[in-house]
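What follows is a single structure, written as structure tokens, with notes after it.
Letters go in sequence order (proteins before strands), and every chain restarts at 1.
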2 protein chains.
Amino acid sequence: MAMASLSKGDWATAALAAIADRGLAGVAVEPLARKLSATKGSFYWHFPNREALIQAALELWEQEHTESVIVRVGAEPDPLQRLRLLLTTAILLAQEDVIDAAVLASATHPLVAPVLERVTDRRVGYLADLFKDMGFPPAQARDRGLLAYTAYLGQAQLVQAGMSAAPHSGAALRRYVDRILGILTAPA
Amino acid sequence: MAMASLSKGDWATAALAAIADRGLAGVAVEPLARKLSATKGSFYWHFPNREALIQAALELWEQEHTESVIVRVGAEPDPLQRLRLLLTTAILLAQEDVIDAAVLASATHPLVAPVLERVTDRRVGYLADLFKDMGFPPAQARDRGLLAYTAYLGQAQLVQAGMSAAPHSGAALRRYVDRILGILTAPA
DNA sequence: CCGCCTCCGTACGCCTCCGTATGGTCCGAG
DNA sequence: CTCGGACCATACGGAGGCGTACGGAGGCGG
């Protein structure tokens with residue numbers, strides 16, 4: 001089954017999976033080829049080199065792990081409920097898929113930095129808009145958006161590292177998100 | 001000058017510096033030897049293997065990047081001021097020394113995880129105690145301590161990655177910390 | 001049937017790093 | 001002064017990864 005030709009996208013998704021569970025250094029052509037039951041001959045037909053594969057994987061991540069969540073959450077009309085939904089969705093997603101934390105772990109890599117910059121701006125901007133919609137003045141909204149996002153990032157890191165300090169069960173996590181939300185949305 | 005024998009500590013500090021600016025993978029015996037103007041012969045006299053070097057570097061980090069800050073801040077009697085001092089100190093330190101973010105980037109590494117667990121517990125615990133001293137009930141204090149710490153971690157990541165979304169200038173950063181503090185310490 | 005294009009396997013050379021073996025230097029004790 | 005231990009350089013073998021060269025299978029138009 002699936003003995004058909006490997007596509008460029010197949011390599012890219014495999015590379016993204018490799019980033020998620022072994023970091024950027026885990027994106028190596030030969031091991032990846034073994035996992036796909038192929039050889040380097042296939043790879044170097046689709047890509048000029050390893051860097052191109054990494055770029056393709058990162059673009060995949062950029063498209064699938066930001067906009068899709070924003071869209072899914074956009075149906076909710078009330079800003080507060082939208083924020084709650086966004087946070088719980090994002091944090092619960094980070095529980096089972098550590099790709100965000102894995103990408104962040106290579107934040108200084110020259111191929112990662114520009115993608116990360118775009119994704120960060122988009123997310124922080126969206127959060128800030130959310131707080132603006134709740135009635136906070138622009139400067140306040142930006143601060144709270146940044147705070148919310150950094151808290152999410154830190155949380156994702158703790159979860160990926162398996163730190164016991166972070167809540168692990170789904171229920172505890174929902175309670176935690178609720179209380180966090182109370183703090184973040186309390187009037188100045 | 002300093003042509004004297006290299007000590008175990010010299011290798012460990014060099015390794016820690018390597019982690020800070022190239023990540024855990026940057027701790028390689030041969031490049032490190034070149035940087036120290038030595039050879040592998042020296043290294044393998046002091047350490048049995050590369051893992052031992054990494055452990056030594058991590059223990060160095062554990063001792064010098066948590067307790068020392070806590071002690072330095074302990075002189076301040078008022079809990080709120082102590083928290084303010086702690087946050088500004090930590091965040092300003094993270095501006096010029098990215099070692100915290102670099103260690104976190106390898107959180108899943110088997111040598112890093114236990115050290116990170118201890119450091120995380122210590123820091124989150126200290127922050128929670130701080131909020132307790134301010135009069136918050138234990139559960140509230142723990143939530144706020146965790147929130148404060150995840151926010152710090154995320155902030156450190158953004159700064160290390162050079163993200164423009166994070167404030168960079170010292171003045172802007174102090175203002176940001178002040179506003180964050182207002183949010184974190186607002187009564188429920 | 002021919003030839004071309006797509007896609008992939010095999011085999012090779014190169015590089016970087018780990019770890020070991022072994023010998024050399026310096027220095028203090030006796 | 002010699003001998004042993006601390007410290008280090010050199011040289012080697014081996015593993016694993018990158019990129020290239022090249023050949024071969026399969027489909028498809030002519």
Under the side-chain contact (heavy atoms from CB on, under 4.5 Å) test, which residues partner Asp178(A), sequence neighbours left out? Arg84(A)
With a cut-off of 3.5 Å and sequence neighbours excluded, list every side-chain donor-acceptor pair involving residues 27-43 of chain A.
{"residue": "Glu30(A)", "atom": "OE2", "partner": "Lys40(A)", "partner atom": "NZ", "Å": "2.9"}
{"residue": "Thr39(A)", "atom": "OG1", "partner": "Gly41(A)", "partner atom": "N", "Å": "3.4"}

Among residues 7-15 of chain B, which ones have heavy-atom contacts with DNA chain C below 4.0 Å? none
Does CD in Glu51(B) sit with more than 12 non-hydrogen atoms of other residues, nucleotides or ligands closer than 6.0 Å? no
Can you pull every protein N or O that's under 3.5 Å from an N or O on nucleotides 22-28 of chain D?
none

With a 3.5 Å cut-off and sequence neighbours excluded, list the donor-acceptor pairs that the side chains of residues 157-167 of chain B form with protein atoms.
{"residue": "Ser164(B)", "atom": "OG", "partner": "Glu117(A)", "partner atom": "OE2", "Å": "2.5"}

For Arg179(A), give me all partners under salt bridge (charged side-chain N to carboxylate O under 4.0 Å, His left out), at least two apart in sequence or on another chain. Asp143(B)
List, one per line, each side-chain donor-acceptor pair under 3.5 Å for residues 9-25 of chain B, sequence neighbours excluded.
{"residue": "Asp10(B)", "atom": "OD2", "partner": "Ser7(B)", "partner atom": "N", "Å": "2.9"}
{"residue": "Asp10(B)", "atom": "OD2", "partner": "Ser7(B)", "partner atom": "OG", "Å": "3.3"}
{"residue": "Thr13(B)", "atom": "OG1", "partner": "Gly9(B)", "partner atom": "O", "Å": "3.2"}
{"residue": "Thr13(B)", "atom": "OG1", "partner": "Asp10(B)", "partner atom": "O", "Å": "3.0"}

Contacts of type side-chain hydrogen bond (donor to acceptor under 3.5 Å, both in side chains), residue Arg175(B), not counting sequence neighbours: none
Grab the CD-P distance between Glu30(B) and dA9(D) for me, whole Å please. 13 Å
Sub-4.0 Å heavy-atom contacts from residues 34-55 of chain A onto DNA chain D, ordered by number: Arg34(A), Lys40(A), Tyr44(A), Asn49(A), Arg50(A)
Enumerate the residue pairs fulfilling side-chain hydrogen bond (donor to acceptor under 3.5 Å, both in side chains) with a member in residues 101-116 of chain A, sequence neighbours excluded, ordered by first and then second residue. none
Checking Thr66(A) now: which residues fulfil side-chain hydrogen bond (donor to acceptor under 3.5 Å, both in side chains) with it, not counting sequence neighbours? Arg123(A)
Donor-acceptor pairs under 3.5 angstrom involving side-chain atoms of residues 54-65 of chain B: please list them, not counting sequence neighbours.
{"residue": "Trp61(B)", "atom": "NE1", "partner": "Asp100(B)", "partner atom": "OD1", "Å": "3.2"}
{"residue": "Glu62(B)", "atom": "OE1", "partner": "Arg118(B)", "partner atom": "NH2", "Å": "3.0"}
{"residue": "Glu62(B)", "atom": "OE2", "partner": "Arg118(B)", "partner atom": "NE", "Å": "2.8"}
{"residue": "His65(B)", "atom": "NE2", "partner": "Asp97(B)", "partner atom": "OD2", "Å": "3.2"}

